[in-house]
Amino acid sequence: MTTPDSAAPDSRAPDLGAQGPSAPGLGAPRADFTWSPDPEPVHFRLAQWYSEAARDLPWRREDCSAWGVMVSEIMLQQTPVVRVLPRWEEWMRRWPTPAVTAAASAAEILTVWDRLGYPRRALRLQTAAQAIVERHGGEVPGTRQELLALPGVGEYTAAAVACFAFDQPEVVVDTNIRRVHARVFSGHALPGKTYTAQQRKLAHDVMPQTAHDDGELACTWNIAAMELGALICTARAPKCVECPVQDLCAWRAAGSPPATEEQQTRGQAWAGTDRQVRGAMMAVLRTGEPVQRSVLLETLPLPAADMEQRVRCLDSLLRDGLAAEDKELVALPGVI
DNA sequence: AAAACGGGGTT
DNA sequence: AACCCAGTTTT
């Protein structure tokens, strides 16, 4: 049916001509005739695929509250679904509304967060709950702009909550969607490190029109593209033979060229970093018992960390509100 | 634009 | 050992 050769000019087709794989300007003769598919068939293919292949996640259920969606989005920032699932269940069981979340102690919040990582997210989620109580009467706001004003809610999360909890046709772009766009529409193996204005324009341009279906297809498009990136169009070893748009994909049509040096992600170091030291200290504090400052600094199970680094990290935890200090005792905030 | 910020499963 | 993950905030 639809093949690269049959792609007719379309007024709504994304103008991707400038995004060819070769550097614009000097040297490279523009032999890279990048082809990009009409978005419309991609919309329907992915919507159909999603209806059959979507995972049954609790925050996608029809009866999930907007707060449940928001909690899931914060937890899912830089954290895989499988690790979020048990923490989300426990959080929602204990704190099913913004109001009860706002009233919890910070120590409880950080303990239930457990080892999800980036514990400042947990604190910001509680601060956001407090803001929701104060500014929105305890109800999660339903517009991108109001959501964006909440702590810990950035461009992605604001659009995601507005779309998934309130059916707003916002342009949702996460790491999965960026990769799907890069491959299907731009013909690249990977989207590159930073989210550029050009990528933002592409995401907008390939959104389904909302005029006729009240944005329903737009919301499905967002979640379906995300799910495709999570299950099929993965970063490494994508399952192209199972892909519902394999015959529409610009990357496939270009012969699946490998990622360029520019597109390689800069892998974060871990061993020896302040993040590792902070994480080890938080693990001690999560046991619940206040500890002597000197004991916390000296018994840390990280021989490679010198005292200067340990002191720096403890001070940063105190400054971030992830730990509290009383006299010589250190504990989770709210314990002391 | 780049760095800081956790932690564990996968390759 | 490197890579990856439903990003946000600060510099």
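Below, chain A is the first sequence line, B the second, and so on; all start at residue 1.
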message: By nearest atom, which of the nucleotides B:dC5, C:dC4, C:dA6 is closest to the A:D274 side chain?
response: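 So the side chain of A:D274 is nearest to B:dC5.
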field: A:D174, nearest nucleotide to its side chain (from C:dC4, C:dG7, B:dC5)
entry: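 The answer is C:dG7, which lies nearest to the side chain.
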Between the protein and nucleotides 8-11 of chain B, list the N/O to N/O atom pairs that are separated by less than 3.5 angstrom.
from  : atom 1 : to     : atom 2 : distance (Å)
B:dG8 : OP1    : A:R115 : NE     : 3.3
B:dG8 : OP1    : A:R115 : NH1    : 2.5

message: Tell me whether the rings of A:W221 and A:H181 are parallel (<30°), tilted (30 to 60°) or perpendicular (>60°).
response: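 Answer is parallel, since the angle falls under 30°.
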task: Write out all pairs satisfying side-chain hydrogen bond (donor to acceptor under 3.5 Å, both in side chains) with one or both partners inside residues 148-168 of chain A, taking only residues at least two apart or from two chains.
output: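 Counting only pairs at least two positions apart or across chains, the side-chain hydrogen bond (donor to acceptor under 3.5 Å, both in side chains) contacts touching residues 148-168 of chain A are A:E73-A:Y156, A:Q77-A:T157, A:E155-A:R200.
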Pick base, sugar-phosphate or nothing for [X], based on heavy-atom distances below 4.0 Å to the nucleic acid.
X: A:A160; result: nothing
X: A:T79; result: base
X: A:W59; result: base
X: A:R60; result: base
X: A:D320; result: nothing
X: A:R286; result: sugar-phosphate

message: Can you work out whether A:T196 or A:A283 has the more 5'-proximal nearest nucleotide on DNA chain B?
response: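 Closer to the 5' end of DNA chain B: A:T196.
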message: Quick check on DNA chain B: between A:T194 and A:Y118, whose nearest nucleotide comes earlier from the 5' end?
response: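 In this pair, the answer is A:T194.
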Euclidean distance, [Y] [atom2] relative to [X] [atom1], rounded to 0.5 Å:
X: A:L231; Y: A:E242; atom1: CG; atom2: CD; value: 9.5 Å
X: A:I177; Y: A:M226; atom1: CD1; atom2: CE; value: 4.0 Å
X: A:L85; Y: A:L57; atom1: CG; atom2: CG; value: 6.0 Å
X: A:S186; Y: A:R178; atom1: OG; atom2: CZ; value: 11.0 Å

field: Selection residues 58-111 of chain A - residue pairs positive for ring-ring contact (aromatic ring centres under 6.0 Å, His included), sequence neighbours left out
entry: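 Found A:W59-A:W88, A:W91-A:W95.
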message: Heavy atoms within less than 4.0 Å of DNA chain C: which residues of residues 67-76 of chain A have one? Give them sorted by number.
response: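 Only A:E73, A:L76 qualify.
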Spacing of [X] atom [atom1] relative to [N] atom [atom2], expressed in whole Å:
X: A:Q276; N: B:dC5; atom1: CD; atom2: C1'; answer: 14 Å
X: A:M226; N: C:dG7; atom1: CE; atom2: C1'; answer: 12 Å
X: A:L147; N: C:dA6; atom1: CG; atom2: C1'; answer: 15 Å
X: A:R179; N: C:dC4; atom1: CZ; atom2: P; answer: 9 Å
X: A:L125; N: C:dG7; atom1: CG; atom2: P; answer: 16 Å
X: A:K193; N: C:dC4; atom1: NZ; atom2: P; answer: 11 Å
X: A:L228; N: C:dA6; atom1: CG; atom2: P; answer: 13 Å
X: A:Q78; N: B:dG7; atom1: CD; atom2: C1'; answer: 12 Å

What pairs of nitrogen or oxygen atoms, one from the protein and one from nucleotides 8-11 of chain C, lie under 3.5 Å apart?
from  : atom 1 : to     : atom 2 : distance (Å)
C:dT8 : OP1    : A:G154 : N      : 2.8
C:dT8 : OP1    : A:G154 : O      : 3.3
C:dT8 : OP1    : A:T157 : N      : 2.9
C:dT8 : OP1    : A:T157 : OG1    : 2.7
C:dT8 : OP2    : A:Y156 : N      : 3.3
C:dT9 : OP1    : A:G152 : N      : 2.7

Donor-acceptor pairs under 3.5 angstrom involving side-chain atoms of residues 279-295 of chain A: please list them, not counting sequence neighbours.
from   : atom 1 : to     : atom 2 : distance (Å)
A:R286 : NH1    : A:D114 : O      : 3.3
A:T287 : OG1    : A:V284 : O      : 2.6
A:R293 : NH1    : A:E325 : OE2    : 2.9

Sticking with atom [atom1], work out how far [N] lies from [M], rounded to a whole angstrom.
N: C:dT8; M: B:dG8; atom1: P; answer: 23 Å
N: C:dA1; M: B:dC5; atom1: P; answer: 23 Å
N: B:dA3; M: C:dC3; atom1: P; answer: 16 Å
N: C:dA6; M: B:dA4; atom1: P; answer: 24 Å

query: Should we say atom CD of A:E52 is surrounded by more than 12 heavy atoms from elsewhere, each under 6.0 Å from it?
result: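 Yes, because the 6.0 Å sphere around CD of A:E52 holds more than 12 heavy atoms from other groups.
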field: A:R121 side chain to A:T79 side chain, donor-acceptor N/O pair below 3.5 angstrom
entry: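 Short answer, yes.
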A:P244 backbone acceptor or donor facing A:R45 side chain under 3.5 Å: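 Yes.
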field: Pair A:F44-A:L217, side chain to side chain contact (heavy atoms under 4.5 Å, CB included): steps then yes or no
entry: CA-CA 9 Å; A:F44 294 116; A:L217 181 59; 4.1 Å; yes
- request: May I ask you to test the A:P39-A:D205 pair for a side-chain heavy-atom distance under 4.5 Å?
  value: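 Counting from C-beta outward, A:P39 and A:D205 never come under 4.5 Å.
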